[in-house]
Each structure stands twice: as C-alpha cells, then as structure tokens.
Amino acid sequence: MRARSRLTVLLMVLAALVTGAVPAASARAEAEHTYRIPRTAVMDGARLHRTKVRLEHGDPRLRRAVEVLRGRADRWLHQGPWTVVDKPRPAPSGDLHDYLSQAPYWWPTKTPAPDNPWGCPYVQRDGERNPEVDSGTDRQDVEKTFDSAYDLSLAWYYTGDARYAEKAGQVLRTWFLDPATRMNPNLNHAQFIPCKYDGRAIGIIDFSQSYTSVLDALALLASGAPGWTAKDRRGMAHWNTAFLDWLRNSDFGKQEAAATNNHGTFYDLLVAGLAYATGDRELARRTVLDARHKRIAPQIAADGSQPQELTRTRSWHYSTFTLVAHARLAAIGRNAGVDLWAYQGPEKESLFKAVGYLLPAATGAAWPHPELQFRRYAATDVVHAAADAGDRRAQRAVRSLEEPPGGDLWVLRPAAEQLDSIAG
C-alpha cells in the first residue's frame, strides 16, 4: 500500500476513535477493508485501488463509467445461477458434472431417437452454426457465469453494494463449488462432435479466452466482499489448482500447448493466469518469458501483420482476438515482473507493431483484408493496452476509437477483452 493510502487509512481510524463512532478494532477493520488492494492476475490491482480512491473523491468521469457498470451488473441480479448439471444430456463420460460443448459447424443427419439421441452421424456444414451448440450443451451457460461474475465483482468493488458481491458468490459457488452442481475441473468434452469425437483439444479455448476474467473476479471478492468466505477462497484455490494440473498434464492440454496459432497463445494465457492466481509465480513468469519466442516471433510478421489470421474470412476479428490474448498475457507478465511489450523478435516483431498494423482501421480507414462482419470497436481494448504500455501512436489514436456496445469501461477494468464475440 502506498504512503498516501496508509495515511488515509490511519486518518480514518483516528477519526473513528476520536468521535467514538465505532470501537477501535471495528474502525481499523473497516478502514483496511475499504482500501485493500486486490491481488488480481491480469488487471493491475494497485491501479484499481487508485481508481477506487479517485471515485470516492468524486471524479465525474469515473462516476459516469460506474453507472454504466452498475447497469450491466443490475441485469445479472435476477439471472442465474447456472450449472453444468442442467444440460439435457450428459457428456460422453455419462457424468453431468463434466463440462460439455459442441463443435459449432457440425450437424446431425438423422432425427434423434431413443436409440440414437444425438441423430448421428454428424456432417460438417462450414460456417453454419448448429443451434444445438447453444441449447444442448454448457457453452452459453459458462459464458453467462464468467461474464456475470466479472461484472458483479467489479460493480461491488467500485460501489460497495453488497447485492453484487452476494450474487457473484452465488454464481461462482453454484458453478464451481457446490457438490450437487459443481463442474469437474477438466475440459475432456469441450467442442465434441457426437458419435465422432468425445472431445477435442481445441475446445480448451472455451475457457482460455475468458476464464482469466474469473480469476480477477475472485481476487476482487477476496479483497473483502461480504459473503465471500475463507471456505469459498479455499474451494476456488483447490479447483484452480486441479484445473491447472489437468491443463499441464492431460493429452488435450499438451496438444493445445503445442498449437502454433492463437490457440497456443490463449493456452499460455490460461496457464500463466492460473499459475499466478494459485501462487506459482515462477511458472507464470516462465510462461510469459517463453511466449516471446514461442508466440510473438512466429505469429507476428515484421510489418506487424498476423499472417495466420489474415487468411481467415473473419481476418479483422481474429487479428484483434489474438492480440487480446497477447495483451492479457503481457498484463500477467507485468504483475510477474516481465515486460512483454518491450520484446522484439529477430525481425523486430513486437506487440506494438501488431497493434500499429490495426491502427488505421481502428481509427476509421478501410480494412484491406477479408472480413464478413467488420466491427471497428473490436480493436478498442488492444489499442488502449498498447497506449497504457507507452506506445505514442496508440496514445494518439485513443481519442478516435469507436466505443464498443455498452460503453468503453477501460478506465474501470484496464485489461483487454474480446469485444466482438462471434460465439452466437
């Protein structure tokens, strides 16, 4: 805690003691609770703390952003909680507690029947999304769990409204901790294809693109949220440790670790985040360091383009999407003492160059590559991240960025997010 923050806490305690408003122990506990710095994995906890202090001193820009955040959190108050055991059919293992998601572009060829409940065999219809993906598996529910936990935890942190913390706790306990409803800590059946594959390594991306937000939500709640107990903290630490072990030692985890495209980068992000959150700071640091030659140099060209992503029909989406993984990995690196933004590959490849390649289209120019649904705001967060890391071109571009739907909340949650989901 910085000197000014320590002084503020001391003054709060002294004021409470002098006025007799609360007993000494209560005054001290309340002051420390109000100003506790969250040990976030991706976001900078000290920065969040400073933002909270600015908000409490009436910063008008922050108050407007908090109202937007409150609106998002309020919508979650009357939804959920969600659980893996609610799906209509279990994963191929037969265990409802195993997470299940389905390959989106594969379709049944027969009408489901008692002896063929999935309507197998399945055939691929590329680009056509099978609605079963959203209604017959856990995919939609896990996204709601992740998004609500994140929004609610942030809203509690900045407002102190206990309703948000209590709802976040309910959501997290139901999905991860309660014996009757908890998810097993594996992804053995992610993106399965009925009657073809019981699960696939690439399904790990169901978690690797979003779960690090949950890690930060847990850190926010652990900073003193009402109703979030020591038992809850221990339970989530145990779940995260078991999940990290599965990621590192399962066949699927090893296959995803070996991926040379965005799947490999997102895998590193998930491993580094879990390692940092569970106390293995050396594994987190080593994962970020290795990403320099394993991810940045091979994936980013000398001009800053990402050749693997430019071949996609959604080249803008995937160029920004992959940079979200790089930017979040760099944020974990900052917390672990590694400056990933400063790295330059053999041909001067760097994250700054990759963001620079997007800047013209992010600020109004045409994108010169295939893109079925161009959404300019998809680049907003990665430009913010580069600007915060010191890139002057990105800093100048910030004022020209397109605001994403629901508002630009970077000032409250400075960590790159995927803003243009194509998950349905």
Side-chain angles (χ1 to χ4, degrees), residues 39-42 81-87 90-101 137-139 141-143 145-146 149-150 153 168-192 198-222 228-258 263 266-287 332 336:
R39 297 179 179 179
T40 39
V42 180
W82 303 270
T83 168
V84 290
V85 303
D86 278 349
K87 52 183 170 286
S93 65
D95 189 345
L96 278 171
H97 293 270
D98 280 341
Y99 172 81
L100 177 69
S101 67
T137 72
D138 298 311
R139 188 73 183 93
D141 285 349
V142 79
E143 285 300 315
T145 296
F146 291 175
Y150 191 50
S153 299
Q170 180 197 34
V171 166
L172 291 165
R173 285 187 208 98
T174 302
W175 191 273
F176 294 104
L177 299 179
D178 290 349
T181 58
R182 72 189 294 270
M183 172 188 162
N184 293 330
N186 69 68
L187 295 173
N188 291 327
H189 303 292
Q191 294 204 16
F192 94 121
D198 286 349
R200 297 186 296 164
I202 64 173
I204 290 174
I205 205 166
D206 286 5
F207 268 55
S208 56
Q209 64 175 294
S210 330
Y211 189 65
T212 50
S213 294
V214 176
L215 297 177
D216 276 359
L218 292 170
L220 291 169
L221 294 176
W228 189 246
T229 67
K231 180 181 178 182
D232 295 327
R233 295 194 296 273
R234 288 193 301 270
M236 285 306 310
H238 178 76
W239 197 96
N240 285 331
T241 299
F243 185 41
L244 177 59
D245 180 71
W246 181 87
L247 282 168
R248 298 187 69 204
N249 295 303
S250 67
D251 287 342
F252 280 175
K254 292 174 182 177
Q255 289 176 43
E256 198 74 339
H263 279 261
F266 273 106
Y267 173 86
D268 284 354
L269 166 64
L270 184 56
V271 167
L274 282 162
Y276 189 89
T278 57
D280 192 342
R281 304 298 171 86
E282 179 53 33
L283 174 59
R285 183 176 182 276
R286 188 168 68 249
T287 302
I332 295 170

Can any side-chain N or O of [X] pair as donor or acceptor with the backbone N or O of [Y] at less than 3.5 Å?
X	Y	value
His189	Tyr99	no
Arg39	Ala219	no
Trp82	Thr174	no
Thr83	Trp175	no
Asp178	Thr181	no

Practice task
Could you tell me whether Arg233 atom CZ has more than 12 heavy atoms of other residues or ligands within 6.0 Å of it?
Solution key: yes

Practice task
Locate the shortest heavy-atom distance separating Gln191 from Arg200; write the atom from each residue and the value.
Solution key: O-NE, 2.8 Å

Handout entry: Considering all heavy atoms, the nearest Leu96-Lys87 contact
Key = O-NZ, 2.8 Å

Handout entry: Aromatic ring proximity, centroids under 6.0 angstrom, Tyr211 and Tyr267
Key = no

Handout entry: Axial cation check for Tyr276 ring with Arg281, 6.0 Å and 45° limits
Key = yes

Practice task
Evaluate the side-chain proximity of Phe252 to Leu247: yes if any heavy-atom separation is below 4.5 Å, no if none is.
Solution key: no

Exercise for the section: Report yes if some heavy atom in the side chain of Asp98 is under 4.5 Å from a heavy atom in the side chain of Asn186; otherwise report no. Expected result: yes

Practice task
Please work out which of the three classes, parallel, tilted or perpendicular, describes the rings of Phe243 and Trp246, given edges at 30° and 60°.
Solution key: parallel

Practice task
Apply the test side chain to side chain donor-acceptor pair (under 3.5 Å) to residues Ser101 and Asp206: give CA-CA distance (whole Å), side-chain angles for both, the deciding distance (0.1 Å), then the verdict.
Solution key: CA-CA 8 Å; Ser101 67; Asp206 286 5; 2.5 Å; yes

Exercise for the section: Before giving the answer on side chain to side chain donor-acceptor pair (under 3.5 Å), spell out for Thr229 and Asp232 the whole-Å C-alpha distance, their side-chain angles and the decisive distance to 0.1 Å. Expected result: CA-CA 5 Å; Thr229 67; Asp232 295 327; 3.1 Å; yes

